[in-house]
Amino acid sequence: MIRVYLLQGWYIVTYALGIYHLNLFIAFLSPKVDPSLMEDSDDGPSLPTKQNEEFRPFIRRLPEFKFWHSATKGILVAMVCTFFEAFNVPVFWPILVMYFIMLFCITMKRQIKHMVKYRYIPFTHGKRKYKGKEDMGKTFAS
């Protein structure tokens with residue numbers, strides 16, 4: 001981002017990198033087995049819809065390590081592209097920014113609706129706490 005800002009060019013490369021990162025993020029948020037595809041068939045695993053159903057952990061379509069690895073490779077490829085004048089296509093960059101923001105909002109709205117409809121949450125909310133027996137307050141000295 002700093003290189004593109006300082007050089008005042010290569011906006012298409014930055015836009016392509018943003019779209020690539022958005023696709024990676026959507027894959028990172030999506031379950032490995034899409035529940036909408038499993039809706040009609042009764043065979044195979046599905047996400048629990050009732051409290052008494054078996055808990056199945058959330059398995060991502062794109063694991064976290066592969067997400068970061070692919071994102072880093074994308075940044076490196078984009079950085080290399082900024083060294084070649086052929087990728088410096090003249091465009092009015094505010095239009096690209098507005099289009100990317102619209103695309104991001106529409107895509108995330110669709111993804112969040114999918115998450116709500118099929119009741120899966122791709123993030124954990126901390127460590128689960130278990131309650132043990134109540135401490136009676138008595139101590140025994142040995």
Side-chain angles (χ1 to χ4, degrees), residues 1-137 139-140 142:
M1 294 287 258
I2 293 171
R3 180 162 170 78
V4 169
Y5 177 75
L6 292 175
L7 295 174
Q8 295 295 310
W10 288 273
Y11 300 118
I12 293 291
V13 172
T14 307
Y15 177 73
L17 179 64
I19 296 295
Y20 180 68
H21 281 174
L22 180 61
N23 286 332
L24 288 176
F25 187 62
I26 294 300
F28 179 71
L29 290 179
S30 301
K32 188 172 188 174
V33 178
D34 191 5
S36 63
L37 299 176
M38 300 301 288
E39 198 171 70
D40 296 333
S41 65
D42 289 334
D43 53 22
S46 64
L47 295 171
T49 56
K50 296 181 182 147
Q51 194 69 2
N52 59 358
E53 285 189 38
E54 177 186 355
F55 170 73
R56 293 194 177 107
F58 183 79
I59 300 171
R60 300 178 188 282
R61 184 167 30 140
L62 180 67
E64 187 176 2
F65 178 77
K66 288 184 179 180
F67 170 78
W68 286 112
H69 183 72
S70 298
T72 305
K73 284 193 316 188
I75 290 171
L76 291 175
V77 168
M79 189 85 111
V80 168
C81 288
T82 61
F83 289 107
F84 299 102
E85 194 64 33
F87 295 111
N88 190 11
V89 179
V91 343
F92 188 59
W93 66 267
I95 298 295
L96 288 179
V97 172
M98 288 175 34
Y99 185 65
F100 180 77
I101 290 171
M102 272 187 0
L103 186 66
F104 179 80
C105 291
I106 291 169
T107 306
M108 289 310 295
K109 181 180 175 184
R110 188 183 73 213
Q111 184 69 24
I112 290 170
K113 279 184 177 181
H114 192 267
M115 290 164 60
V116 168
K117 181 178 180 183
Y118 293 102
R119 296 185 182 124
Y120 64 90
I121 300 172
F123 302 108
T124 55
H125 298 288
K127 187 176 179 182
R128 182 176 256 186
K129 296 179 183 177
Y130 298 99
K131 282 191 168 185
K133 292 183 179 180
E134 294 275 333
D135 187 17
M136 300 304 285
T139 58
F140 295 100
S142 45

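The minimum heavy-atom distance between M108 and I26, with the atom names listed, is SD-CD1, 3.7 Å. The two atoms that bring A27 and R61 nearest to each other are O-CB, 3.6 Å, heavy atoms only.
Between L62 and L24 the shortest side-chain heavy-atom distance falls below 4.5 Å. Residues H21 and F25 are not in side-chain contact: their nearest non-hydrogen atoms beyond the backbone lie 4.5 Å or more apart.
The distance from atom OG1 of T14 to atom CD1 of I19, rounded to the nearest 0.5 Å, is 12.0 Å. Atom CG of residue L29 and atom NE2 of residue H114 lie 12.0 Å apart, to the nearest 0.5 angstrom. Considering CD1 of I106 and NZ of K109, their distance stands at 8.5 Å, rounded to 0.5 Å.
By the side-chain hydrogen bond (donor to acceptor under 3.5 Å, both in side chains) test, N23 is found to be paired with no residue, residues two or more places apart in sequence or in another chain being considered. For R110, the side-chain hydrogen bond (donor to acceptor under 3.5 Å, both in side chains) criterion is met by no residue, not counting sequence neighbours. Contacts of K32 classified as side-chain contact (heavy atoms from CB on, under 4.5 Å), with partners at least two apart in sequence or in another chain: I59. Residues passing the ring pair (Phe, Tyr, Trp, His ring centres under 6.0 Å) test with Y20: none are found, sequence neighbours excluded.
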List the atom pairs, donor and acceptor, that lie under 3.5 Å between side-chain atoms in residues 74-103 and the rest of the protein, sequence neighbours left out.
unit_1, atom_1, unit_2, atom_2, d
T82, OG1, R3, NE, 2.7
T82, OG1, M79, O, 2.5
E85, OE2, N88, ND2, 3.1
N88, OD1, W10, N, 3.1

